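Please read all numbers here as calculations on a predicted model, not as lab measurements. If you read the sequence from its start, that first residue is 1, and numbering goes on from there. Order of listing sets the numbers, starting from 1, for every ligand and every atom in it.
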Amino acid sequence: MISENSKNLEFHLSTRNTSYIIKVINSKHLINLYYGKKIRHREDFSSLYQNFGVALGSSTSYSKETGNFSLDTTRLEVATNGKGDYREPSLHIIFDDQSRVSDFKYMSHQIIDEKVRLKSHPHTFSNDNTCKTLEIKLFDEVKDVYLLLYYSVFYECDVITRSMKIVNGNKGTILLEKVMSLNLDFSNSDFELLTLEGKWIRERHMNKRKLNKGVYYIDSKKGVSSANHNPFMGLMRSNTDENIGECYGFGLIYSGNHQGLIEVNPHNLTRIQMGINPFDFNWTLEVNAEFETPEVIMTYSDAGLNRMSQNFHELINTHLISPYWQKKPRPVLINNWEATYFDFNEAKLLKLAKSAKNLGIELFVLDDGWFGKRDNDTTSLGDFFEDTKKLPNGLDGISRKINELGLDFGLWVEPESISIESELYKKHPEWAIQLPDREPSLGRFQLQLDLANPEVIDYLFNSLRNVFKKANVKYVKWDMNRNISDVYSNYLPKEKQMEYHHRYVLGLYELLTRLTNEFEEVLFESCSSGGNRFDLGMLYYMPQTWTSDNTDAVERLDIQYGTSIVFPLSTMAAHVSGKPSHQVLRHTPIETRFNVAAFGILGIELDLTKLSTFEKKALTEQIAFYKEHRGLLQFGKFYRIESPFESNNTIWMVVNDDSSEALIGYYQKLQESNPGFECFKLKGLDESMYYSLNTRKQYLNVQHFGPLINDELPVNITEGGIIHNIICKNYMYEMDQEARNAYGDELMHAGFLPIPQFGGTEFSDKVRYIGDFGSRIYHVKRT
Ligand code: DGJ
């Protein structure tokens with residue numbers, strides 16, 4: 001809802017639980033009065049305005065008319081340089097005469113009855129006309145430049161989005177040096193900053209630090225949003241945890257170089273900014289031209305981080321993901337990468353596909369290595385023709401045979417990259433990003449294509465369209481395996497080279513728009529060496545992302561927990577891979593590998609042709625369980641209960657819309673000796689509903705017990721001997737099953753008290769044996 005006090009130019013944007021109030025003050029600047037828990041509307045909010053009425057020592061007074069008023073202590077919605085605000089500006093412009101002072105004042109506003117769509121950027125949208133947008137026009141009359149600020153209100157999700165358009169007038173070309181999408185000033189600094197940090201195979205770990213005076217920023221200079229710092233920032237009050245306390249979340253819908261900045265000034269005002277990274281960026285805006293910034297999502301919760309995340313999840317699932325894929329069940333897939341790497345042929349793939357079909361898998365994904373002469377990662381990127389040595393019947397041949405087995409066919413591509421050893425590079429070396437006078441630095445032996453060049457976009461569009469059509473492709477894994485270096489475009493004139501990083505992203509968005517328009521029913525999964533570009537921008541085009549190249553279940557607890565701070569389960573692809581894990585060489589029980597991957601979009605990525613009977617049976621039951629509960633596991637409301645960053649245990653759960661069903665994931669890193677009692681409080685249930693709680697049937701491989709197996713057997717067998725091996729590969733030892741009936745209020749407030757864990761003595765149904773890297777899934781259902 002947008003309420004307007006037209007006399008005193010106040011705007012109250014309210015969602016179900018939040019209020020965002022802004023105002024035009026006497027000086028005509030647009031300021032923030034309040035953002036937080038919803039307050040009732042009234043006709044005058046001037047009591048929320050706070051500033052110094054006296055001149056302070058060395059402060060700069062804005063103008064004669066406004067007396068002692070200084071911008072330096074004003075909570076601005078747009079911050080510019082040169083009129084007395086000495087904090088970080090959100091907008092910095094160099095004018096034709098080389099002056100750098102700008103000053104934007106209120107000119108007009110309108111309330112638009114819909115969500116305004118951005119022309120060149122991915123953005124949120126509303127298909128049910130429930131979203132309204134406040135457009136505020138600011139004007140720098142000296143320099144004839146307009147700023148259009150867009151605030152859109154997503155009432156149900158407690159989200160407000162912001163974006164900005166800069167329109168140049170007639171007074172000459174201007175140079176945009178910094179154009180942050182968000183500038184928001186808070187009246188105090190009692191916050192902890194939450195960010196999602198990481199690197200390859202260790203993405204999106206939670207990182208908290210107390211705010212202090214000074215300036216701090218997170219960013220990417222890599223050309224992609226990157227795993228180093230996700231384009232997300234959270235501000236939490238000091239008492240906030242998963243379930244209580246105030247917090248704010250900010251997410252930028254952008255896939256390239258970004259910056260998130262926090263400044264606490266000497267008056268304890270906190271400024272937060274988000275937008276395109278001003279480093280290595282500028283943009284020339286000709287007379288009458290305009291520039292659009294990416295959109296920022298803002299949300300507030302007074303019920304801890306879980307609510308904040310759920311707001312993001314709801315927004316992403318209903319207002320960002322392509323309508324075609326919203327709430328649409330995603331298939332269980334087999335991906336051949338960790339099963340074969342580059343070493344495959346048609347026969348090997350078909351054998352893998354047959355085993356997959358027998359386990360209940362629905363989609364076969366052919367990963368890297370199907371094209372050109374790609375037997376390793378040094379060649380052929382850019383060439384979109386099959387390697388006929390590996391695939392004598394071509395892509396159409398293999399895909400037809402896969403379809404005949406009853407599986408859909410999916411394909412890996414890495415369109416943005418080019419190998420120097422490729423047919424494409426021979427023809428078009430000028431299409432690669434590299435400088436004319438320097439040897440380029442390589443990443444994974446490859447260069448990137450110049451997506452600022454429309455010819456490159458056309459080439460990629462046509463090549464991909466051809467491949468997707470001929471192989472009846474139903475799923476695409478879109479990879480991108482290097483960060484950009486040696487930035488230079490052979491296509492752009494020299495005065496536009498500083499625009500390059502942003503133009504790359506715009507080129508990518510254009511290509512994705514064209515492809516996803518033509519292949520709306522193809523499921524695209526974004527990937528960048530795992531999660532190097534897991535961002536809100538890519539999700540607009542591709543509803544799911546390869547979360548991480550780390551498929552180790554224990555590592556995935558941290559990664560998926562951290563990822564869930566912003567991203568819903570429907571966006572997180574998660575695979576059951578082999579033993580040991582290829583990334584950390586850990587041996588993790590197959591049940592835990594599934595129990596972690598099940599909370600996301602499930603895939604299998606191991607050599608299914610070499611499974612033992614034990615593994616086959618376990619996987620078959622797991623896949624059937626996943627398919628039965630897929631709606632919940634992909635689209636349920638997600639609650640984090642215990643954090644892997646703070647505890648030996650991780651607990652999370654998903655609940656369906658009417659709270660009649662839930663699944664709980666419970667994971668333990670290491671087995672403790674003589675452990676204490678446990679109790680965990682469930683979330684999201686209905687207090688008055690009566691529920692049953694049951695453990696998913698799971699199996700333990702008796703290999704785990706080594707020679708101790710003899711304690712249970714009538715005869716003595718030798719560990720590692722033939723009989724022992726046969727038993728280990730075939731015998732399905734059923735783990736403890738727990739069953740409870742209880743009301744929702746009991747499960748949520750008194751908690752679920754599982755039977756105690758094995759304490760080093762009796763091994764029976766009176767104890768739960770979890771072990772190192774052990775886990776359970778509990779199913780909760782209204783009875
Ligand atoms: C990186 C991806 O993250 C992997 O899953 C795999 O597709 C490889 N690239 C293939 O080169």
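- Separation of the Trp412 and Tyr475 ring centroids does not fall under the 6.0 Å cut-off.
- Residue contacts with ligand 1: Arg444 is placed with a nitrogen or oxygen under 3.5 Å of a nitrogen or oxygen of the ligand (distance criterion only).
- Ranking protein heavy atoms by distance to atom 7 (O) of ligand 1, first place goes to Asp367 OD1, 2.7 Å.
- Nearest protein neighbour of atom 3 (O) of ligand 1, counting heavy atoms only, is Asp549 OD1, 2.3 Å.
- Seen from the ring of Tyr561, Arg640 counts as a face-on cation partner, given the 6.0 Å and 45° thresholds.
- Here the two rings, on His501 and Phe281, have centers that are 6.0 Å apart or farther.
- Each of the following atoms of ligand 1 lies closer than 4.0 Å to a heavy atom of Trp546: 3 (O), 5 (O).
- Under 4.0 angstrom from ligand 1, the non-hydrogen atoms of Asn481 all belong to its side chain.
- Under the 6.0 Å cut-off for aromatic ring centres, Phe534 and Phe567 qualify, their centroids lying closer than that.
- A salt bridge between Lys389 and Glu346 is absent, with no side-chain N of the basic residue lying under 4.0 Å from a carboxylate O of the acidic one.
- Only backbone heavy atoms of Ser529 (N, CA, C or O) come within less than 4.0 Å of ligand 1; its side chain stays farther off.
- Considering backbone and side-chain atoms together, Arg374 places no N or O closer than 3.5 Å to any N or O of ligand 1.
- Checked against a 3.5 angstrom limit, the closest N/O atoms of Gly530 and ligand 1 fall inside it.
- Because its NZ or CZ atom is both nearer than 6.0 Å to the ring centre of Tyr324 and within 45° of the ring axis, Lys328 counts as a cation-pi partner of that residue.
- Residue Lys477 has at least one heavy-atom neighbour below 4.0 Å for each of these atoms of ligand 1: 4 (C), 5 (O), 6 (C), 7 (O).
- Close approach of ligand 1 to Asp368 is summarised as follows: ligand atoms under 4.0 Å from at least one heavy atom of the residue are 10 (C), 11 (O).
- Checked against a 6.0 Å centroid threshold, the rings of Tyr217 and His258 do not count as neighbours.
- Heavy-atom contacts of Trp412 reach the following atoms of ligand 1: 7 (O), 10 (C), 11 (O) (cutoff under 4.0 Å).
- The single protein non-hydrogen atom nearest to atom 1 (C) of ligand 1 is Asp479 OD2, 3.1 Å, given as residue, atom name and distance.
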Checklist entry - Could you walk me through whether Arg330 and Gln544 pass the side chain to side chain contact (heavy atoms under 4.5 Å, CB included) check? => result CA-CA 9 Å; Arg330 313 284 170 75; Gln544 57 191 55; 3.0 Å; yes
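- Applying the 4.0 Å criterion to heavy atoms of Cys527 picks out, from ligand 1, the atoms 2 (C), 3 (O).
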Next on the checklist: Determine whether Trp431 and Tyr459 satisfy the following criterion, side-chain hydrogen bond (donor to acceptor under 3.5 Å, both in side chains), listing intermediate values before the conclusion.
Outcome noted: CA-CA 11 Å; Trp431 281 5; Tyr459 168 77; over 6 Å; no
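- Heavy atoms of Glu414 found under 4.0 angstrom from ligand 1: none, in either backbone or side chain.
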